[in-house]
Peer 1: 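Before I ask anything, let me first share the structure, which is written out below as structure tokens.
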2 protein chains.
Amino acid sequence: MTARGMLSRQRIVDAAAAVADRTGLASVSMRSVGAELRVEAMSLYHHVSNKEALLDALAEWAFVQIDLPEIGDPWRDAMVQRAESARTVLRAHPWALGMLESRPVPGPALLRHHDRVLGCLMTEGFSAALATHAFSTIDAFVYGFALTEAGLPFTPGEGAEAAFASQVAPPPEDYPYLARSLAELLHGGDYAFEDEFRNGLELILDGLAQRRMSIGTPWQ
Amino acid sequence: MTARGMLSRQRIVDAAAAVADRTGLASVSMRSVGAELRVEAMSLYHHVSNKEALLDALAEWAFVQIDLPEIGDPWRDAMVQRAESARTVLRAHPWALGMLESRPVPGPALLRHHDRVLGCLMTEGFSAALATHAFSTIDAFVYGFALTEAGLPFTPGEGAEAAFASQVAPPPEDYPYLARSLAELLHGGDYAFEDEFRNGLELILDGLAQRRMSIGTPWQ
DNA sequence: ACCTGAACACCGTTCAAGT
DNA sequence: ACCTGAACACCGTTCAAGT
């Protein structure tokens, strides 16, 4: 029943994730993670070399949860599925976004992920160059969308958009276009910021599909 | 010559930005910012209410540097210019990215920015809905690209891509597609990750241009 | 081998005291 | 009014000591 002798790197990382989920990345400290495991902070040092290493493991913990596409799946479905999976993971653990900047050296898991995505595209008629364009464009969009969403002053869905808009109520004399677009969007009553994800993603995938059809032309 | 009596909110925020640029966001502390100004940490509390408020001001300090588009400029040029400006700012101050997540309430500067971008699009034939799609897609891409770039284990440009690729040298038996795409891309000798920015941006803008032409159809 | 207590140099912040 | 010193409850980390 006690934690004695049962400490492990895996349990420590899980505990750190639990703390981050509950109270944010800033409150992940060697002491708070220790407390989560009913152990002194110093005990952790027998399993992780320092806090930096723990944070690296925590980043990996989150990104490993993103579904890998299967090589052989239709490329477009595969990209949609991966993007949605990434968004789901990053929505559940938004603190992981702050770890993308400034975390070093790609590990085997990241390389494997990279390889699968490229493979998925290159076995379906994408050149190496276009597959790389596709990868960086989709990834940038997905991470950026998750980042924007995490910073939103409301939780999207359930009509929170309308509630927030009427709360801020940007004065039309100062912000004419913003006011007009809010009015128009919310008039229908079914605006959901969430939908912008599929929207942007489909826009990007449409563009990629077109460039894929014209491989060999100046697009390469 | 002394700092006595010359402390101000502006000087404090500037000092915090200098510390962040030099040694990272993590090392921005009330004490380190005080030291930058040759003042005790406690003196700062007469100008900013606490560290959280200082960080809010620091986020604003960075984002205000992003060029606002002029209403009346051709929409596509305006979007490109704004995107490049954002990327330049975020490359110079990558710590600002970590502040996008978890920073609350949009201030007047952000609302103004929002209004201008929407105005730029809506005066050029974009519906409110399509302008909103455009805004969120471009922004997600730009932020996400900057985030990816900041996390890169090398500084893009100057052939660093090739140097890094040969350093990592993913074994082709483990990562066949990654190895093949790296080989193909670097064969030409002119691959630059940097170019993916314009590439992805143009792909998105092409998609938006097409949807703009078909306003009134099911796209809306 | 694994866990801990005390210690050190750091944090943010309060408050009473200086000018 | 503005700045500061001492103090408090926190950090990460080291190291010697316990089991």
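Naming: A, B, ... by sequence-line order, numbering from 1 per chain.
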Peer 1: By the 4.0 Å heavy-atom rule, please label B/Met42 as base, sugar-phosphate, or nothing.
Peer 2: base

Peer 1: With respect to the phosphate group of D/dT13, does any side-chain polar atom (N or O) of A/Tyr45 fall under 4.0 Å of OP1 or OP2?
Peer 2: yes

Peer 1: Between P on D/dA7 and CE on B/Met30, what's the gap in Å once rounded to a whole number?
Peer 2: 21 Å

Peer 1: Just by distance, do the side chain of B/Gln65 and the backbone of B/Trp61 share a donor-acceptor pair under 3.5 Å?
Peer 2: yes

Peer 1: Take A/Ser27 and A/Ser49, find for each the nucleotide of DNA chain D with the closest heavy atom, and name the residue whose nucleotide sits nearer the 5' end.
Peer 2: A/Ser27

Peer 1: Give the rounded distance in Å between these two atoms: CE of B/Met6 and P of D/dA1.
Peer 2: 20 Å

Peer 1: Ring centres of A/His114 and A/Phe135 under 6.0 Å apart?
Peer 2: yes

Peer 1: Are the side chain of B/Ser85 and the backbone N or O of B/Gln81 linked by a donor-acceptor pair below 3.5 Å?
Peer 2: no

Peer 1: Examine distances only and state if a side-chain atom of B/Asp115 and a backbone atom of A/Tyr177 form a donor-acceptor pair shorter than 3.5 Å.
Peer 2: yes

Peer 1: Nearest whole Å is fine: how far is D/dT4 C1' from B/Leu7 CG?
Peer 2: 13 Å

Peer 1: Expressed as a whole number of angstroms, how long is the span from A/Arg38:CZ to C/dT4:P?
Peer 2: 13 Å

Peer 1: Scan every strand shown for a Watson-Crick or G-U wobble partner of D/dC11, both distances under 3.5 Å, and answer none if you come up empty.
Peer 2: none

Peer 1: Checking base pairs now: Watson-Crick or wobble, both atom distances under 3.5 Å. What partners C/dA16?
Peer 2: D/dT4

Peer 1: Does D/dT4 have OP1 or OP2 sitting under 4.0 Å from an N or O in the side chain of B/Ser43?
Peer 2: yes

Peer 1: CZ of B/Arg31 versus P of D/dC11: gap in Å, rounded?
Peer 2: 15 Å

Peer 1: Is it the case that the side chain of A/Arg116 and the backbone of A/Pro69 share a donor-acceptor pair, with hydrogens and angles ignored and the cut-off at 3.5 Å?
Peer 2: yes

Peer 1: Check this for me: does the side-chain of A/His46 come within 3.5 Å of the base of C/dC2 through a donor and an acceptor?
Peer 2: no

Peer 1: Can you tell me how far P of D/dC10 sits from CG of B/Asn50, to the nearest Å?
Peer 2: 18 Å

Peer 1: C/dC2 C1' sits how many Å from A/Glu40 CD, rounded?
Peer 2: 14 Å

Peer 1: Please state how far atom NZ in B/Lys51 lies from atom C1' in C/dC10, giving the value in whole angstrom units.
Peer 2: 12 Å

